[in-house]
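Structure, as structure tokens:
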There are 2 protein chains.
Amino acid sequence: MTFTNLFDRFASGILSLSMTEATRTKLEAAARYASALSGDAPIVGNDKDQIVFVGSGSVKLVAHASAGREQVVAFQFAGDLVSVPATRAHAYSLSALDDCELISFPADEFFKLVQQEEGIILEVLKCSLVALANCREKAITLGRKTAQERLASFLVSMAERGGTPVDRGVELHLPMSRSDMGDSLGLTIETVSRQLSELRASGLLITPSRSKFLLLDLAGLQARAGHIRAAA
Amino acid sequence: MTFTNLFDRFASGILSLSMTEATRTKLEAAARYASALSGDAPIVGNDKDQIVFVGSGSVKLVAHASAGREQVVAFQFAGDLVSVPATRAHAYSLSALDDCELISFPADEFFKLVQQEEGIILEVLKCSLVALANCREKAITLGRKTAQERLASFLVSMAERGGTPVDRGVELHLPMSRSDMGDSLGLTIETVSRQLSELRASGLLITPSRSKFLLLDLAGLQARAGHIRAAA
DNA sequence: TCGGCGCATTGATCCAGATCAATGTGCTCT
DNA sequence: AGAGCACATTGATCTGGATCAATGCGCCGA
């Protein structure tokens, strides 16, 4: 896929159709393209706030604290728009989970260019409110839930986002490692593994391979997620 | 203060000056006013997404999980605009920390009314991005920090927001109880108290009364906050 | 000014999850 | 296809903060 093609995808996903041709041209000029694979160094620097569009693949937004501690703040997937803050009390970086393509803009430039385009701003606002809601859910998980509830919540939300219904349940392909899951859920890799084993032993899921999950009982997982009510 | 007065405060704080008279009239009609004191029942219901302006006083946004567990997702103060999500996996409510006045709108109505007003949407977007950045900082705190680091982070951020420099350090008036602090930091009230005692013993702060804090050594607190670098 | 009461502090013990350690296994590269 | 290895699982022990329990004390109302 060419970069022009990638911008088109951004334009049809996020940008309003009503956008003027002039704005589109300017945005296209301000855009910086990047593609990366899992294991590559972080893609987006952190001296300035950035707005990043995930064209394809999936990424993790990681926050860095002292003593090398890391917290995965969000996983983001193709079609998502992500705000990556500049370093203040903590440093942020965006890393690839698999082969992915990104478009990034310095946030100040981006907002300047689209400030007259109410359709685009509204779309970006909606993305931002969804991200805020997700982050708040994460805060509950990190602040008040047991290890097992964290895993169950995580699997349920991933299934809602990208699960494929099959006859025996819901199939999930998760591009992140156990270590990424741990860093996202505030747990160690060992605890993640142990809790997965327990869910497996309870007959709630099967892991046919490292990155594939077959959720056999979504309702059972929901019930173990510590939610205020069983179903959504 | 009258409610009209309160709307004026909202208008001058958040709403763009460029807003049309028609939009203003419609917004004023859609607005719902509330005032409350500490101890009152939660102010904002949760069957629909709401947008709430804090005209005066301070509030906590609380998320409710199963088994009565609560997580304070954010403290918000006069002048803030808050998005309160409808109940899905968890329930959200807004409660007064002290005497306060609020204006709320159903989110869908609010966005419909301001969708042509790019100045307003941009302002709301900025509020939302600040809230997102704060929530991410909270995620790091909840996921990866020790009890002492959580307290230190909390005090430093509160000092940045509402501290008064005095000769011996920075004076803080915190309207929330120890229990609210605990629910915000993912700790019990006992741990909050113990860590405060330790900070007191280390000469970093004095607590002249229950809600007043005198931070004697902000740099020392920053150093204990687990930040990626010492000063901002 | 003096109770009384709710919040805060301090102390003792317990436990979920971290840490340390060893073993197993799916993926990749040749 | 096989070797090597990074990632994952499982086990043993330790510990920070939760929980259980008692005491202290600021604040409010009479």
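Quick note on labels: first sequence line is chain A, next is B, and so on, each numbered from 1.
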Taking 4.0 Å as the cut-off, does a side-chain nitrogen or oxygen of B:Arg178 come that near to OP1 or OP2 on C:dG6? no

Ignoring hydrogens and angles, answer whether the base of D:dC7 and the side-chain atoms of A:Arg210 contain a donor-acceptor pair closer than 3.5 Å. yes

Which of B:Gln71, B:Lys60, B:Lys138 passes side-chain hydrogen bond (donor to acceptor under 3.5 Å, both in side chains) with B:Ser184? It is B:Lys138

The answer to which of B:Ser177 and A:Thr146 contacts DNA chain C further toward the 5' end, by nearest nucleotide, is B:Ser177

| task | Report yes or no: do A:His64 and A:Ser93 form a side-chain donor-acceptor pair below 3.5 Å? | result | yes

Under 4.0 Å between any heavy atoms, over every strand shown, what does A:Arg200 touch: base, sugar-phosphate, or nothing? Just pick one. sugar-phosphate

SB check A:Asp183 B:Arg144 (cutoff 4.0 Å):
yes

Here the distance between atom P of C:dA16 and atom CZ of A:Arg150, to the nearest Å, is 14 Å

### Query
Is the backbone of B:Glu149 close enough, under 3.5 Å, to the side chain of B:Arg224 for a donor and an acceptor to pair up by distance?
no

Rounded to whole Å, the CG-C1' distance (B:Leu199 to C:dT9) equals 15 Å

Atom CZ of A:Arg144 and atom P of C:dA16 are separated, to the nearest Å, by 16 Å

Answer yes or no: does atom CZ of B:Arg200 have more than 12 heavy-atom neighbours from other residues, nucleotides or ligands under 6.0 Å? yes

When rounded to whole Å, the CG to P distance for the pair A:Leu142 and C:dA16 reads 19 Å

- Query: Can you tell me if the side-chain N/O atoms of A:Ser179 get under 4.0 Å from OP1 or OP2 in D:dA8?
  - Reply: no

Within residues 58-77 of chain B, those residues having any heavy atom closer than 4.0 Å to DNA chain D are none

Q: Consider only side-chain N and O atoms of A:Ser66 and A:Arg69, and report whether a donor and an acceptor are under 3.5 Å apart.
A: yes

A:Asp183 CG to C:dA18 P, in whole Å, measures 11 Å

- Query: Would you say a side-chain N or O of B:Ser197 is under 4.0 Å from OP1 or OP2 of C:dT10?
  - Reply: yes

Checklist line | Donor-acceptor contact present, side-chain A:Ser179 to main-chain A:Ile189, <3.5 Å | finding: no

A:Leu37 CG to C:dC27 P, in whole Å, measures 18 Å

*Taking the six-membered ring for Trp, is the centroid-to-centroid distance between A:Phe10 and A:Tyr33 below 6.0 Å?*
no

Rounded to whole Å, the NZ-P distance (A:Lys145 to D:dA18) equals 18 Å

Around atom CZ of A:Arg168, are there more than 12 heavy atoms from other residues, nucleotides or ligands closer than 6.0 Å? no

Residues in residues 184-196 of chain B with a heavy atom under 4.0 Å of DNA chain D, by number, are B:Gly186, B:Leu187, B:Thr188, B:Glu190, B:Thr191, B:Arg194

Here the distance between atom C1' of D:dA8 and atom CE of A:Met176, to the nearest Å, is 16 Å

